[in-house]
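Below, chains carry the letters A, B, ... as their sequence lines are ordered, and counting in each starts from 1.
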There are 2 protein chains.
Amino acid sequence: MTLNTALDVTYQVPRLLPHASHRVSAVAERPGGKGINVAHVLAALGHEVTATGFAGGPVGSVVRGLLAQSPGVVDGLVPCAGNTRRTVAVVDAASGDTTQFNEPGPHITAAEWSRFLARYEDLVHGARAVALCGSLPPGVPVGAYALLVRSARAAGVPVLLDTSGEALRRGVAARPEIIKPNAAELAELTGSRDPLPATRDARRRGAHAVVTSLGPAGLLAATAEGTWQATPPRPLSGNPTGAGDSAVAGLLSAVAEGLDWPARLTRAVALSAATVLAPVAGAFDPRTYEEVRGSVKVTTA
Amino acid sequence: MTLNTALDVTYQVPRLLPHASHRVSAVAERPGGKGINVAHVLAALGHEVTATGFAGGPVGSVVRGLLAQSPGVVDGLVPCAGNTRRTVAVVDAASGDTTQFNEPGPHITAAEWSRFLARYEDLVHGARAVALCGSLPPGVPVGAYALLVRSARAAGVPVLLDTSGEALRRGVAARPEIIKPNAAELAELTGSRDPLPATRDARRRGAHAVVTSLGPAGLLAATAEGTWQATPPRPLSGNPTGAGDSAVAGLLSAVAEGLDWPARLTRAVALSAATVLAPVAGAFDPRTYEEVRGSVKVTTA
C-alpha cells in the first residue's frame, strides 16, 4: 500500500548545471511510490498483489493507465480530487548522478480518507500479508499508519511498515509485525547511530521485528526468535534505487509463505542485490537473484 | 502559433543542490510555449486570438483544459498521438534563480503535419496577423516555417517569425514581415555579435523588418521605413521570463491595428517592461504598461 502514489518521471540530461536551461534528451515515466515498487517485485516473484492508496487528477489517470499495463498488479487505488504527485529524477549523463524533485502530493479530504479506510478493510480481509509504505499525503492524519496497523492485526494479517519520521514513530506503537528502517530512519526514531543497539531499541518501541537496512552491508534483524545479520556474498556496485523496496518485497513474500527468519533475510538480501545490479533502475535481475541467494551469509548478531 | 506547445510546470525548492533529493514546496502549472504566451498577452490587450499547434496525450489534455479556463484565447490546437511536452522550472528560494528542464516534445507524423497545414490554412484566411513562435517538435520538417510564412503571405496576412537556428534561417528566406531575434539568435543567424550591422544583415537575408531584442536596452529595428532603437524609460530589474513574448504580442497587435514603426516599438518595449516588473512571471502588469508607454524613447539608429 502506498498512500502517496506517484508518477516517476526520469529525465536524461548531458550535464546538470544549476541555474541553466537544459534540453532533456530522453523522458521515461512509470508508476511510483514505494508500495507500487514493492507490488511490482512481488508480482515478479509470482504473487497475486493488489496496490492501494490514492490516485487522482490527470497524473493519477496516467499512473492507473501504466499500472493496467503491468502484469500481475491489481489496481485497488481509491480516487481523490487532487492531482497525484510527480517525482522528477534528473540523471546527469556526465557523472551518472541523479538530482531528485518530489512533489508533495494531493491534499486528501476527510471523506476521501474514510473511503480509503473502507477499501483497506475489504482488501485486508482477503490478504495473506500487507506492506504499508512511504510518506503520508497532505491531509491524512499523522496517526494513519497506527490505525492501518491495528486494523490489519485485528484481521490476523501480518503487516510490514516502511516509513519514516513521526508516521513511523506513531506506527511502531501499534505493534506491526515488521518495520524496515534504513540507518537514517532508525537514528531519527531511536536517537542512536549504533545499528545493533538502535535496532534492539526500536523493537522495544513496539515492532515484533525490526529489520534495519545497512546499505551494501546487508540487513540487521532483531526478532523474537533471535538477532541476525545477513550479508551479500560480495560488495555490490550499481544503482541502489529500489533496493529497499525489493528487500520489503522479499520479507513480505517470505512471511506470506511461512518461511523462518534466516530464509526471509536471505531472500530480502538477494533481491536487494539483484536490484542494485539490474541494468534498469528499480527492477531486479532474476538471474542475479537466483545466483546470489545461494550465497547470502546469515550470522547471529 | 506554437507548434511545440507545452505544460509549464514550476517547482519552488528551498535551495537547489545538484545530486541531492528535494521536497518541492509548491507546484504551479500553466499552458506554455512561446505562442501560447503571446496569445495570452494579445487577449489581455483586447484582441480575439486563436492559438494553434499540436496537443496530444495526457499532458495535451491538461494544456487544453487550462486553455479553456483562460479568457479570450480560442483553442485551435490540432490533436497528435504523442504526449505534449512539459517544461519544468525549478525556482531556488535562496537565490531566486531558475533551473530549467525542457522535454523535446512529441514526434509528429506526416499525417498529423498534413492535418495541421489544413487547419493553419483555414485560420490564416480569417486572421489579421499571425505569429509563428518557438521550436519545431520532432518529425516536423525543418523548412516548416518557410512553408507557413509563404502560406500567410499568399493570403495577404502579415507574419511575424520568432524562432532560432536552422528553422529561423530557412524561415527568413521566405520573407516574413518581421523576425524578432534576441542577440544570441541574431549572432547565430548572421555570424556577427555587433547588433546594428547584424540586424541590417538579417534584413538582407529576406525579412521585411528585423526587430532585435537587446534585453534591458530595449529593441533595435531595421525596417523599410528606417532604423530605430526603442529604450525603456529606466533600467528594469525583475523577472525577464516572457518579456520577449510580450514584445512579440506588442508588435503583432500594433501591426494588426496599422500603427507605424515608432508606435509598434513603443508598445513592444512598454509591454516587455510591464512583464519584467510584473509580480507573476510571464504576466504583464497593465498599470505599469500604461505608465511606461508614455515614456519609451524611440531614436533613429
Side-chain angles (χ1 to χ4, degrees), chain A residues 4 6-29 55 57-66 82-107 135 137-138 164-165 184 240-241, chain B residues 4 6-29 31 55 57-66 82-92 94-107 135 137-138 164-165 184 240-241:
Chain A
N4 213 357
L7 179 67
D8 287 343
V9 181
T10 304
Y11 286 165
Q12 303 284 343
V13 299
R15 181 183 291 273
L16 177 68
L17 293 170
H19 312 145
S21 186
H22 303 76
R23 274 171 201 261
V24 173
S25 55
V27 182
E29 293 186 345
V59 176
S61 299
V62 172
V63 167
R64 300 186 83 153
L66 292 171
N83 201 13
T84 292
R85 72 193 173 112
R86 285 162 293 211
T87 73
V88 177
V90 179
V91 180
D92 184 323
S95 67
D97 285 329
T98 297
T99 307
Q100 181 85 27
F101 302 97
N102 297 326
E103 297 185 12
H107 190 277
S135 62
S164 59
T241 304
Chain B
N4 213 356
L7 179 67
D8 287 344
V9 181
T10 304
Y11 286 165
Q12 304 283 341
V13 299
R15 181 184 291 274
L16 177 68
L17 292 170
H19 312 146
S21 186
H22 303 76
R23 274 172 201 258
V24 173
S25 54
V27 182
E29 294 186 344
V59 177
S61 300
V62 173
V63 167
R64 300 187 84 154
L66 292 170
N83 201 12
T84 293
R85 71 194 173 112
R86 285 163 293 211
T87 73
V88 177
V90 180
V91 180
D92 184 324
S95 67
D97 285 328
T98 297
T99 307
Q100 181 84 29
F101 301 97
N102 297 325
E103 296 185 12
H107 191 274
S135 62
S164 60
T241 304

Undergrad: Taking side chain as everything from C-beta outward and backbone as N, CA, C, O, which of these in A:Ser95 sits under 4.5 Å from a heavy atom of chain B? Side chain, backbone, both or neither.
TA: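 For A:Ser95, the contact with chain B is made by the side chain alone.
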Undergrad: For the residue pair A:Arg86 and B:Val9, establish whether any side-chain heavy-atom pair is separated by less than 4.5 Å.
TA: yes
Undergrad: Can you run down the salt bridge (charged side-chain N to carboxylate O under 4.0 Å, His left out) pairs that involve residues 12-26 of chain A, sequence neighbours left out, and say none if there aren't any?
TA: none
Undergrad: With a 4.5 angstrom heavy-atom cut-off, could you sort out which part of A:Glu29 is near chain B: side chain, backbone, both or neither?
TA: side chain
Undergrad: Sort A:Thr98 into side chain, backbone, both or neither according to what part of it lies under 4.5 angstrom from a heavy atom of chain B.
TA: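 Backbone of A:Thr98 only, per the 4.5 Å heavy-atom cut-off to chain B.
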Undergrad: Please classify the contact between A:Val59 and chain B as side chain, backbone, both or neither, with a heavy-atom cut-off of under 4.5 Å.
TA: neither
Undergrad: Heavy atoms only: give me the nearest A:Thr99-B:Leu17 pair and the separation to one decimal.
TA: CG2-O, 3.9 Å
Undergrad: With sequence neighbours excluded, what pairs up with B:Arg85 under the salt bridge (Lys or Arg N to Asp or Glu O under 4.0 Å) test?
TA: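 Checked B:Arg85 against salt bridge (Lys or Arg N to Asp or Glu O under 4.0 Å); zero matches.
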Undergrad: Based on non-hydrogen pairs under 4.5 Å, which of B:Pro104, B:Ala26, B:Pro58, B:Gly57 is most in contact with chain A?
TA: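 Highest number of heavy-atom pairs under 4.5 Å: B:Pro104.
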Undergrad: So which part of A:Val91 gets closer than 4.5 Å to some heavy atom of chain B, the side chain, the backbone, both or neither?
TA: neither
Undergrad: Where does A:Phe101 contact chain B at under 4.5 Å (heavy atoms): side chain, backbone, both or neither?
TA: both
Undergrad: Show the nearest heavy-atom pair for residues B:Val24 and A:Glu103, with the distance to one decimal.
TA: CB-CA, 4.0 Å
Undergrad: So do the side chains of B:Asn102 and A:Ser21 get within less than 4.5 Å of each other, counting heavy atoms only?
TA: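 Side chain of B:Asn102 against side chain of A:Ser21, heavy atoms only: contact under 4.5 Å found.
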